[in-house]
Amino acid sequence: MEFRNTGGTPARSGTVTFATHIIGALGVDWATIRSSQPLPAPIAAGATRSQTYTVCLESWRVPLGMRVETQDVSAVWE
């Protein structure tokens, strides 16, 4: 992911939250599991940083024939 600080001061810390959806074989959204990771801080004012994240779920949450999709991502800067 790419994070861009468009503010006038450095972003010293923060959290990125992923909403991973468990989708059934017929497209029904059965559950949403949220997980959080720290942002790649500090990010200077006007700068951009990239970070790769791995989102994991317990295997029992995704029965045979279902799939996972991380559809929503949000970030909170501090």
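Please read these numbers as outputs of a predicted model, since none were measured by experiment.
- Sequence neighbours left out, the pairs with a member in residues 8-17 that pass side-chain hydrogen bond (donor to acceptor under 3.5 Å, both in side chains) are Ser13-Glu78, Thr17-Ser36.
- The ring-ring contact (aromatic ring centres under 6.0 Å, His included) analysis of residues 41-78, with sequence neighbours excluded, yields the pairs Phe18-Tyr53.
- Between Ala31 and Asp29, the shortest heavy-atom distance links the atoms O-OD1, 3.1 Å.
- For the atom pair CG (Leu39) and CD (Gln51), the distance works out to 9.0 Å, reported to the nearest 0.5 Å.
- Nearest heavy atom pair, residue Ser35 against residue Val55, reads OG-CG1, 4.0 Å.
- For Glu2, the side chain to side chain contact (heavy atoms under 4.5 Å, CB included) partners at least two apart in sequence or on another chain are Arg4, Thr48, Ser50.
- For Ala47, the side chain to side chain contact (heavy atoms under 4.5 Å, CB included) partners are Ile43, Ala44, not counting sequence neighbours.
- Arg49 contributes a side-chain N or O that, together with a main-chain N or O of Pro42, makes up a donor-acceptor pair within less than 3.5 Å.
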- [ ] List the steps, then state whether side-chain contact (heavy atoms from CB on, under 4.5 Å) holds for Thr20 with Thr32.
- [x] CA-CA 5 Å; Thr20 301; Thr32 301; over 6 Å; no
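- In terms of the side chain to side chain contact (heavy atoms under 4.5 Å, CB included) criterion, Val76 has no residue partners (sequence neighbours excluded).
- Put simply, CG on Leu57 and NE2 on His21 are 11.0 Å apart, with the number rounded to the nearest 0.5 Å.
- Residues satisfying the salt bridge (charged side-chain N to carboxylate O under 4.0 Å, His left out) test with Arg61, not counting sequence neighbours, are Glu58.
- Distance check: Thr70 OG1 to Arg34 CZ gives 11.0 Å after rounding to the nearest 0.5 Å.
- Of all heavy-atom pairs between Ala41 and Ala11, the closest is CB-O, 3.8 Å.
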TODO: I would like to know whether Met66 and Ile23 meet side-chain contact (heavy atoms from CB on, under 4.5 Å); could you show each step before the answer?
DONE: CA-CA 6 Å; Met66 294 185 145; Ile23 311 293; over 6 Å; no
